[in-house]
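Both backbone and side-chain heavy atoms feed into the values below; hydrogens, waters and symmetry mates do not.
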Amino acid sequence: MSTNDYNSKKPKGIGLLTVIGVVFVILKLCGVIKWSWIWLLYPLVVGVIGTILPLIIVFVIKAMIEKSNKHNKL
């Protein structure tokens, strides 16, 4: 795989949840919508959770595998 192939597969721009969150905040600040801030920031929170949760799962599985390998060596 060449460097150009690797670079062309990187995601570019911002995600859909970020765009939706920013639009909601702008509409709230302009007085167009009267929603609670919790609902306005919900798309951003979902995006953060969607990023962090898989990482936590991977680290937990990795720790369990390492613990299992240590136990089997004894």
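One hydrophobic cluster, built from ILVMFWY side chains closer than 4.5 Å, cannot hold both L27 and L17; they sit in different ones.
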Output side-chain donor-acceptor pairs under 3.5 Å for residues 36-61, partner residues at least two apart or in another chain, one line each.
| residue | atom | partner | partner atom | Å |
| --- | --- | --- | --- | --- |
| S36 | OG | I38 | N | 3.3 |
| T51 | OG1 | G47 | O | 3.0 |

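The line from NZ of K62 to CD1 of I65 is 10.0 Å long, rounded to the nearest 0.5 Å.
Taking a 4.5 Å side-chain heavy-atom cut-off between Ile, Leu, Val, Met, Phe, Trp and Tyr, the cluster of I26 extends to V22.
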